[in-house]
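So that the names make sense, note that chain A is the first sequence line, chain B the second, and so on, each numbered from 1.
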There are 2 protein chains.
Amino acid sequence: MKLNTKSRYAVMALADMAVFSNDKAVSLRDISLRQGISLLYLEQIFLRLKKNNIVKSVRGINGGYILVKSPKELKISDILLALDQKVKTIGCKKDSKKSCNGKSTKCITHNFWDELDIHINSFFENKKLSDLLKSREARI
Amino acid sequence: MKLNTKSRYAVMALADMAVFSNDKAVSLRDISLRQGISLLYLEQIFLRLKKNNIVKSVRGINGGYILVKSPKELKISDILLALDQKVKTIGCKKDSKKSCNGKSTKCITHNFWDELDIHINSFFENKKLSDLLKSREARI
DNA sequence: AAAAACTTGACTATTTTAGTCGGGTATATA
DNA sequence: TATATACCCGACTAAAATAGTCAAGTTTTT
Ligand code: FES
Ligand code: FES
C-alpha cells in the first residue's frame with residue numbers, strides 16, 4: 001500500500017521549489033539535478049500540476065514553474081488530486097449499486113474501508129507543503 | 001492507493017467467520033458462497049492466515065477454520081501483516097543507507113511519509129475485527 | 001470406501017506502473 | 001534575428017505487481 005511515484009515525486013518537486021525558488025521561476029532541470037528525478041518524468045508530472053492550477057509556467061530562457069499558492073496554503077491533498085492519486089481503499093465502485101463482490105447490498109467491510117479513507121484523507125487535507133519544510137529545517 | 005484484494009478479502013472472510021461461526025469451524029466453501037469470493041483464492045489466503053496463526057484448521061468433513069483469537073482481540077494490523085500487506089508509503093528502503101533517489105541523505109519528503117505510515121498503521125492497530133461487526137449490526 | 005474439506009506449489013493472463021521518446025512551441029538574450 | 005533554453009504534449013513500452021486458476025495431493029468423518 002503506497003502512493004505511486006508520480007505523486008511522491010510531485011510532492012518532492014514542489015517541496016524543492018518551496019525551498020529553492022527565491023520568488024523566481026524554478027526550472028525542471030534544476031529540480032531534476034537537485035532531487036535526482038528524471039527530467040522527462042518531471043515534465044509529465046508538471047503538465048498535470050499545471051492543468052490543475054498548482055503551478056504556473058514561464059516559458060523561454062530563465063523560465064520554469066512558480067507555485068500558484070504559497071507553501072503555507074497548499075494542501076498535500078490538492079497535489080495528490082492533481083495526479084488522480086485518489087485514496088480509495090474501498091473495493092466497490094462508490095456510486096455503483098453493486099457491492100465489491102457483485103451483491104446488491106454493501107459488504108461487511110464497506111463501512112470499515114470508508115472510515116479508513118476518511119482517516120487518510122484528513123491527514124492529507126490537514127498537511128500543507130510548508131509542514132514538510134519545517135521538519136527539514138529542524139534537521140539541519 | 002489501496003490495499004490488494006488478498007488483504008481486503010482476508011478481512012472480509014474473517015469478519016464473515018466472526019458472524020457465522022457458532023463456535024464451530026467455518027468452511028471456506030460457505031465463506032465463498034456467502035461473500036462471493038472465489039474458493040480457490042480463499043484457499044490461498046487462508047494458507048497464509050494459518051501460517052501466521054490467525055486461524056487454525058480442522059480437516060475432514062465438517063472441518064473448516066477457527067479464529068485463534070476472539071474478534072475482540074484480533075487487530076486488523078495482524079491480518080494485514082499475515083498477508084505481507086505492509087503500509088510503506090515511503091519511497092526508500094527503510095534500512096538502506098541510500099535515499100529514494102540514490103543520494104546518501106534522506107530526501108525532503110522522507111519524514112512526511114514516515115508520519116503518514118504511522119498515521120495509517122495506528123488506525124489498523126486500534127481497530128479490532130469486532131469493530132467491523134458493530135457498524136454492521138447498527139445498519140440492520 | 002467415499003465425500004468433504006484442507007494443503008501446497010506452480011503457473012498465467014491482465015493490469016498497472018514507471019519511465020522514455022519524438023517532435024513540437026515560446027521567449028530571453030547576445 | 002539567431003540560438004539556446006525551457007516548457008508542451010501525445011504516444012509508446014518494458015517491467016513489475018496483481019488477481020486468480022490449476023493440478024495433485026492429504027486428512028478425517030460418516
Ligand atoms: S467495499 Fe463496498 S461493498 Fe465491499
Ligand atoms: S522517502 Fe526516504 S529518502 Fe526519500
Any residue meeting side chain to side chain contact (heavy atoms under 4.5 Å, CB included) with [X], in chain and number order, not counting sequence neighbours:
X        : value
B:Leu33  : B:Arg29
A:Leu81  : none
A:Leu47  : none
A:Lys127 : A:Ile76, A:Phe123, A:Asp131, B:Phe112, B:Glu115

Using a 4.0 Å heavy-atom cut-off, write out nucleotides 12-23 of chain D from 5' to 3' as B (base contacted by protein), S (sugar-phosphate only) or - (no contact).
-------BBBB-

Side-chain donor-acceptor contacts of residues 21-28 of chain B below 3.5 Å, not counting sequence neighbours, with atom names and distances?
from    : atom 1 : to      : atom 2 : distance (Å)
B:Ser27 : OG     : B:Asp30 : N      : 3.2

Can you pull out every ring-ring contact (aromatic ring centres under 6.0 Å, His included) where at least one residue sits in residues 53-79 of chain B? Sequence neighbours excluded, please.
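Only B:Phe46-B:Tyr65 qualify under ring-ring contact (aromatic ring centres under 6.0 Å, His included).
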
Listed once per pair and sorted, the salt bridge (Lys or Arg N to Asp or Glu O under 4.0 Å) pairs that draw on residues 35-45 of chain B, sequence neighbours left out
none

Sequence neighbours left out, what pairs pass side-chain hydrogen bond (donor to acceptor under 3.5 Å, both in side chains) with at least one residue falling in residues 46-60 of chain B?
B:Arg48-B:Asp84, B:Lys50-B:Ser57

Output a table of donor-acceptor pairs, distance under 3.5 Å, between side-chain atoms of residues 6-20 of chain A and any protein atom two or more places apart or on a different chain; print 'none' if there are none.
from    : atom 1 : to      : atom 2 : distance (Å)
A:Lys6  : NZ     : A:Gln44 : OE1    : 3.2
A:Ser7  : OG     : A:Asn4  : OD1    : 2.7
A:Arg8  : NE     : A:Leu3  : O      : 3.4
A:Asp16 : OD1    : A:Arg34 : NE     : 3.3
A:Asp16 : OD1    : A:Arg34 : NH2    : 2.8
A:Asp16 : OD2    : A:Arg34 : NE     : 2.9
A:Asp16 : OD2    : A:Gln35 : NE2    : 2.6

Tell me: [atom1] of [X] to [atom2] of [N], nearest whole Å?
X       : N      : atom1 : atom2 : answer
A:Leu42 : C:dA18 : CG    : P     : 14 Å
B:Leu47 : D:dG25 : CG    : P     : 18 Å
B:Leu33 : C:dA5  : CG    : P     : 10 Å

Within residues 25-32 of chain A: residues closer than 4.0 Å to DNA chain C (heavy atoms)
none

Which residues in residues 48-65 of chain A have a heavy atom closer than 4.0 Å to any atom of DNA chain C?
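Listed by number, they are A:Arg59, A:Gly60, A:Ile61, A:Asn62.
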
Determine, for A:Glu73 against A:Lys128, whether the closest basic-nitrogen to carboxylate-oxygen distance falls under 4.0 angstrom.
no

